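First up is the structure itself, then whatever we jot down about it.
As a basis for the values below, the full set of heavy atoms in this structure was taken, side chains included, without hydrogen atoms, waters or symmetry mates. Here the structure is a predicted model, which is why all the values come from computation and not from measurement.
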Amino acid sequence: MSELFVRHALEAAAFSPVAADAYRSLLRDAHEALDLADVPSTDRRVWIVPGRIEVLGKHVDYAGGRSLLCTVERGIVIVARKRNDRTVVLRDARRREAISLALDSTTRGSVPWAIYPRTVVNRLRRNFGDRMAGADLALASNLPPAAGVSSSSALTVGLTLAFAALFDLPSDALWQQALPDRTALAGYAGALENGMDYGVLGGDRGVGTMGGAQDQTAILCSAPGRLEMFSWAPVCFERSVAWPSTHTFVVGVSGVVAAKTGAAKERYNRAARTAHHLVQAWNATGGVPVHTLRDAFFAAAGENPLDEVPSALMAAAQAAATAEFSAGHLVGRLGQFFDETFVIVPRAADALDRADLTEFGRLVDKSQAGAERALENQIAETVHLQRYARELGATAASAFGAGFGGAVWAMVPTADAERFATRWRDKYLRVHHGAAHRALFFQTGPSMPVFEVV
C-alpha cells in the first residue's frame, strides 16, 4: 500500500492533521513488523480502530440504560494477511511482542493481553467453525492502555472485523441471520467479550468481565463531529446530536491503571452484579419476569409516569439487602441508574441541540456526582482531575469508563485547548506527582468509527 494512497485515505477520513500523521506512523510500524517477519507484502488488509469516550452513561449498558458516546482520534492500526496453516500470529509493533495461537487449541498464551485475541479466535471458531484459518497480523496503537478509552475493546472489535474479512464470514448464512448491520455486530462484539450468547450465536468463555456493548457500539457506530445516543440490551440507536464546532475534548489520563484483571476485575464486576441483584430482587416480587434493570423500572412504574424511582422497586431493593449489598448501596445504585438513564443523558442531548452549554455542564456534574456517590468506582485522581478541569474553566468534565483509575474528559473552547491542557496537567501533577510517568493529556474531537483502509 503506497504512502500516497494511505495519505489520501487518512485525509478522506476527516482526521485532523495531527491525528493523520500519527496514524501514518502507526501504519508504517505495523507494516514493518510484518516485513521483519518475512510476511509477504501482497494481499495485506488494513483497519483503523479508534478508542472511545463515554461522554455520559456510566455503568448502564449491561443494565439496559442509555449512553452518549463518541470515538477519539487515537486508535489501533491492524494489518492482516491470510496464512496457509491454522495458526494466528499477532505482533504488537510498539511493544515488540508476538503471540502465536493455534486454532485447534484453547490455550490463551503467556502475555496478559493474549486473552483478547484468544477470546476472539475461540468465539469465531465456535460460531463459524471451519471458515476460520491462520493469519498473520500486526498492530500498532497510540491508545493509552488500561486508561478508560477502550483499548481492549478496540482490539477485540478490530480483530473480529479482520478475521471476518479475511475469511469472508459475512457470507455465512448464520452471520447474515444474526448480524445484518453494524448495530447487531456491536451487540455481538459485546457478547464476545462477556461470554454470553447472542441470538443464535452461542456464547463462550469471554474475557471475564460482565460489561455490555457500549464500547463496541461506539467504536463501530460513531460519526465524526457528533455524539451518538444508544440504549442497551439490546443495542438500539436513539438519536445523534452535533458536537459544537467551537469546542473540543481534552482528555486527561490519570496514570492510574484501570485494570480489569484479578482483584480489579472483581471490583469492576461488582457494579454489574449489583444491577443483576436488583433485577432478581424485582423478579422475586412475583410480577412478570424482567431481564434488565431498565425493564424493572418500567414494570414497577406500571401506568404511572416514570419521573422518579418507583416506590415498589425501592421497597424490593431494600428487602433484598445482603451482607454484600447493603440496602443503602442498592438504593443508591437505583438512583444513579435512574438519573443517568432517564434524566441526565436525554436532557444533556437536548441541551447540546439547543446550544445550552451551561445546562450541559450542570448535567455532566450531576453524572459525576452520581458515580462518586453510588458506583464506588472513583479514586482520588479521577475525582481531582474532574474538579480541577471545572476550576480551570472547562465547560463540562467527567470521569469515564469502568473506573478505578482511567481518564477524565473536559469540554473546552478549541481556541483555548492547548493552554488549558498545560494548566490542567500542571495542576494535577503538583498533587499527584507519582502519576507523572503514566499521565497523558491529549486533544480530540468526536471522530470516525472503525474502518478498513481500502
Side-chain angles (χ1 to χ4, degrees), residues 52 54 56-67 69 115-116 119 146 148 150 152-153 156 186-198 203-218 230-235 258-284 289-297 313 316-317 320-341 345 367 370-379 399-406:
R52 70 92 184 90
E54 168 201 270
L56 290 166
K58 297 175 175 60
H59 277 271
V60 299
D61 56 340
Y62 49 75
R66 184 181 275 131
S67 303
L69 308 166
I115 188 174
Y116 298 103
T119 297
S150 292
S152 58
S153 291
T156 58
Y188 176 63
L192 185 153
E193 287 199 39
N194 64 35
M196 297 178 65
D197 294 346
Y198 186 80
D204 204 68
R205 185 175 171 184
V207 301
T209 54
M210 298 171 64
Q214 182 197 87
D215 301 352
Q216 299 83 1
T217 303
F230 283 87
S231 57
W232 309 109
V235 179
K260 294 182 184 176
T261 57
K265 180 174 69 177
E266 292 308 310
R267 289 188 298 164
Y268 169 80
N269 283 339
R270 174 175 161 80
R273 288 190 297 108
T274 301
H276 297 322
H277 186 80
L278 287 164
V279 171
Q280 292 168 0
W282 174 254
N283 286 339
V290 300
H291 300 288
T292 68
L293 190 52
R294 174 200 60 211
D295 293 339
F297 270 85
L313 185 55
T322 65
E324 181 180 11
F325 301 115
S326 69
H329 174 67
L330 294 173
V331 169
R333 180 68 161 113
L334 284 178
Q336 183 271 338
F337 180 86
F338 175 83
D339 286 344
E340 198 82 359
T341 295
V345 171
S367 173
E372 293 176 18
R373 181 179 64 252
L375 287 179
E376 303 176 339
N377 72 336
Q378 297 302 302
I379 60 173
F400 64 96
F404 312 106

(request) Please answer whether the main-chain N or O of Val235 pairs with a side-chain N or O of Asp61 as donor and acceptor at a distance below 3.5 Å. (result) no
(message) Between Asn194 and Met210, is there a side-chain heavy-atom distance shorter than 4.5 Å?
(response) no
(message) Would you compute the distance between atom CG of Leu330 and atom OG1 of Thr322 and round it to the nearest 0.5 angstrom?
(response) 7.0 Å
(request) Could you check if a side-chain atom of Arg333 sits within less than 4.5 angstrom of a side-chain atom of Leu375, using non-hydrogen atoms only? (result) yes
(message) I need the Thr274 OG1 to Phe337 CZ distance, nearest 0.5 Å.
(response) 13.0 Å
(request) Output yes when a side-chain donor or acceptor of His59 lies under 3.5 Å from a complementary backbone atom of Ala402, and no otherwise. (result) yes
(request) Search all heavy atoms of Ala186 against all heavy atoms of Thr217 and return the closest pair with its distance. (result) CB-OG1, 3.4 Å
(request) Work out which heavy atom in Phe297 is nearest to a heavy atom in Leu334; give both atom names and the distance. (result) CZ-O, 3.6 Å
(message) Just so I know, are the side chains of Val290 and Val279 near enough to count as touching, which here means a heavy-atom distance under 4.5 Å?
(response) yes
(message) Please give me the minimum heavy-atom distance between Gln336 and Gly370, naming the atom from each residue.
(response) CG-O, 3.8 Å
(message) Once rounded to the nearest 0.5 Å, what's the spacing between atom NE2 of His329 and atom CG of Leu278?
(response) 8.0 Å
(request) Compare every heavy atom of Glu193 with every heavy atom of Ser152, then report the nearest pair and how far apart it is. (result) O-OE2, 4.3 Å
(message) Please report the interatomic distance CG(Asp215) to CD(Glu54), rounded to the nearest 0.5 Å.
(response) 7.5 Å
(message) Going by the rule side chain to side chain donor-acceptor pair (under 3.5 Å), which residues pair with Ser67 if we only count those two or more places apart in sequence or in a different chain?
(response) Gln214, Trp232
(request) Using atom types as modelled and distance alone, determine if a side-chain donor or acceptor of Asp197 lies under 3.5 Å from a backbone N or O of Gly203. (result) yes
(request) Would you check if the side chain of His277 reaches a backbone N or O of Ala320 as a donor-acceptor pair within less than 3.5 Å? (result) yes
(request) Output yes when a side-chain donor or acceptor of Arg294 lies under 3.5 Å from a complementary backbone atom of Ser231, and no otherwise. (result) no
(message) Any donor-acceptor pair under 3.5 Å linking the side-chain atoms of Glu340 with those of Ser367?
(response) yes
(message) If you compare all heavy atoms of Phe404 against all heavy atoms of Glu376, which two are closest, and at what distance to 0.1 Å?
(response) CE2-O, 3.1 Å
(request) State the CG-OH distance between Leu293 and Tyr62, to the nearest 0.5 angstrom. (result) 9.5 Å
(message) Can you list everything that forms a ring pair (Phe, Tyr, Trp, His ring centres under 6.0 Å) with Trp282? Sequence neighbours excluded, please.
(response) none
(message) Could you report the tightest heavy-atom contact between Arg52 and Gly401, atom names first, then the distance?
(response) NH2-CA, 3.7 Å
